[in-house]
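One structure is given here, and the rest of the page talks about it.
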Amino acid sequence: MFFFRMIFRSFSRQFKRRLLIAVTVCLSATVSVAMLGVVFDVGDKLNAELSTYGSNITVQPKADAVVNDLYNMGGDANSNASGTSESDPTTFLKESDAPKIKTIFWAFNITNFAPELNIHADVNCASESVDSSSCKASGVPIVGTWFAKTLHMDSGESTVAGMNGMRSWWKLDGSWPKDDSAQGLIGTTLASKLGVTKGDTVTLYKTTADGSRNKQRITITGIYDSGDSDNNAMYIPSSTAQVLANLPDSIDKIEVKALTTPDNDLARKASKNPNALTQDEWETWYCTAYPSSIAYQIEEVIPGSVAKQVRQVAALQGDVLQKTQAVMVLMTVLSLVAAAIAVANLMAASIGERGSELALLKAIGATDGAVSRLMLAETAVISLVGAIVGALLGSGVAQIVGHVVFGSGITMRPMVFVLVFVLLTLTVLIASFSSIRSILGLKPAEVLHGR
């Protein structure tokens, strides 16, 4: 009882100083919980945020991949025939194989995908509102794709895939076309050149490999602005493009958006040659959502394909993630250092003011250890209250950061609170150590006589 009475008396005498310690620990806990909460959840948030700006994995026929590697013909995963070549593809994948992407081990990390058939065609206007004599263009890039196609999987689940989710940054004047229809989108540059607007109809002419001349009327449902060379192209349903080019069930590329884990040494080693991994390394790599492991699994389910990560996107995700985490960890460390300095100074001042009281305790028989434990107990109780309040405030701050920066809340993991309480405990102990040492130097006779 004596021990607890002393704690109560100490609180009564130096309430303001104890309150400052509690506030200091509370602020440190708030910053630490908020920052570490974001750090542990920021990977998925950044991946989801960055994935809105395009695909991070592309799938193409193996023959094309070999040629591209041989002649160093890289390219942006979001480019089509308008940006890379004026010739039509000669090797293809099967469009009917594309849904198999959602059957891989990391299927739930595949947020969207869209197959493409990149061809070229001649365009003539077929609208009374447009002068057909001037509305002509040759070799126009045509991209046959999905817009918002509903897929029914063998597992009984359904998913929606297509450009509607892949090109979220486009500025669209109009509406998205319907799949398996005679509708399409036209880029702003091409629309300006042809003088067409949404609601107009154009006719596409395509000379196929067998020499026949096919035509297809397309109703323009919208005009898009991609901000790049894609504005010279038209997007139409893949089934319509396949009929126009006489290439049934054919595509030459699949764009894939996937939530991935940034590359590390293991992922880079695997991307060069998965067969060089040991059994344990292979299992770790295969069961981690690296871009290279997801690409490898896509190759397993789509015959004759090569899946590659878009290096620029993958590098950006990893770089942004590392820098964001580094800043937040640095803020956590600085808050803990500030708390340690403040607690140490406050405790030193408290011991200085209570020198007579502590000396009296030692004079009536209290050992150095008992007095030290008394001071530690007081600081621990105060710090615990501050840490609990700070943890609650930190959780709220983390949610605010999540909604302001990422548009969604932060998932607070129990590990965050455990880690913060451990770090604060160590911080308070370290801060208290130098102050507690001064208790050992107190000489009751000198202090009580005012020396």
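Computed from a predicted model, the values in this text were never measured in an experiment. Keep in mind that the numbers below use all heavy atoms, side chains included, and drop hydrogens, waters and symmetry copies.
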Shortest non-hydrogen contact between Leu393 and Cys26, atoms and distance: CD1-SG, 3.9 Å

Spell out, as yes or no, whether a donor-acceptor pair under 3.5 Å connects the side chain of Tyr286 to the backbone of Glu281. no

Would you say the side-chain atoms of Gln309 pair up with the backbone N or O of Ala295, donor to acceptor, closer than 3.5 Å? no

For a 4.5 angstrom cut-off between non-hydrogen side-chain atoms, does Asp252 reach Gln60? no

For a 4.5 angstrom cut-off between non-hydrogen side-chain atoms, does Trp146 reach Pro115? yes

Min side-chain heavy-atom separation Trp106-Thr260 under 4.5 Å: no

Tell me whether Ser181 contacts the main-chain N or O of Lys178 through its side chain, where contact means a donor paired with an acceptor under 3.5 Å. yes

Ile119 vs Val143 side-chain heavy atoms within contact, under 4.5 Å: no

pair Thr197-Ile220: side-chain heavy atoms closer than 4.5 Å: no

Rounded to the nearest 0.5 Å, what separation is found between the OG1 atom of Thr240 and the CD1 atom of Ile218? 5.5 Å

Quick one: do Glu255 and Arg167 make a salt bridge, cutoff under 4.0 Å? yes

Where Val59 and Ser305 come nearest, the two heavy atoms and their spacing: CG1-CB, 3.7 Å

Closest contact, heavy atoms only, Ala307 versus Ile57: CB-CG2, 4.3 Å

Using the side chain to side chain donor-acceptor pair (under 3.5 Å) rule, take Glu95 and Ser238 through it: C-alpha gap first, then chi angles, then the decisive distance, then the call. CA-CA 9 Å; Glu95 184 185 33; Ser238 59; 2.5 Å; yes

CG of Leu266 to OG1 of Thr278, rounded to nearest 0.5 Å, is 8.5 Å

Answer yes or no: is there a side-chain heavy-atom contact under 4.5 Å between Lys198 and Thr221? no

Basic-acidic side-chain contact under 4.0 Å: Glu157, Lys102: no

Tell me, with the steps shown, if Val329 and Met331 meet side chain to side chain contact (heavy atoms under 4.5 Å, CB included). CA-CA 5 Å; Val329 170; Met331 291 179 65; over 6 Å; no

Side chains of Trp176 and Gln183: donor-acceptor distance under 3.5 Å anywhere? no

Roughly how far, to the nearest 0.5 Å, is CD1 of Ile388 from OG of Ser383? 11.0 Å

Would Phe147 and Tyr235 count as a close aromatic pair, with their ring centres under 6.0 Å? no

Is the number of heavy atoms from other residues, nucleotides or ligands within 6.0 Å of CG (Asp154) greater than 12? no

Please test Val306 against Glu299 for side chain to side chain contact (heavy atoms under 4.5 Å, CB included), starting from the C-alpha separation and ending with a verdict. CA-CA 6 Å; Val306 171; Glu299 293 177 2; 3.8 Å; yes

Rounded to the nearest 0.5 Å, what separation is found between the CG atom of Leu172 and the OG1 atom of Thr188? 11.0 Å

Under the side chain to side chain contact (heavy atoms under 4.5 Å, CB included) rule, what do Leu429 and Thr425 come out as? Steps first, then yes or no, please. CA-CA 6 Å; Leu429 285 175; Thr425 299; 4.1 Å; yes

Under 3.5 Å, is there a donor-acceptor pair between the side chain of Ser32 and the main chain of Ala29? no

For Tyr224 and Asp173, run side chain to side chain donor-acceptor pair (under 3.5 Å): C-alpha distance rounded to whole Å, both residues' side-chain angles, the deciding distance at 0.1 Å, then the answer. CA-CA 6 Å; Tyr224 67 86; Asp173 179 16; over 6 Å; no

State, yes or no, whether a side-chain contact exists between Val256 and Ile254 at a heavy-atom distance under 4.5 Å. yes

Atom of Gly165, atom of Asn112 and distance for their closest heavy-atom approach: CA-ND2, 3.3 Å

With distance as the sole test, does Asn109 use its side chain to make a donor-acceptor pair with the main-chain N or O of Ala258 at under 3.5 Å? no

Expected output: side-chain Thr427 to main-chain Leu423 donor-acceptor under 3.5 Å: yes

Spatial distance of atom OG1 (Thr58) from atom CZ (Phe113) [nearest 0.5 Å]: 15.0 Å

Taking the side chain as C-beta and beyond, is there a heavy-atom pair between Asn231 and Leu190 under 4.5 Å? no

Euclidean distance, Ile251 CD1 relative to Asn118 CG, rounded to 0.5 Å: 10.5 Å

With side chain to side chain contact (heavy atoms under 4.5 Å, CB included) as the criterion, how do Met153 and Thr103 come out once you've worked through the C-alpha distance, each side chain's angles and the decisive distance to 0.1 Å? CA-CA 9 Å; Met153 314 303 294; Thr103 66; 4.1 Å; yes

Shortest non-hydrogen separation from Ser335 to Ser28 and the atoms involved: O-OG, 3.4 Å

Side-chain donor/acceptor of Ser226 to backbone N/O of Trp170, under 3.5 Å: no

Residues Cys287 and Phe105: closest non-hydrogen pair is CA-CE2, 4.1 Å

Has Asp225 got a side-chain atom pairing as donor or acceptor with Lys171's backbone, closer than 3.5 angstrom? no

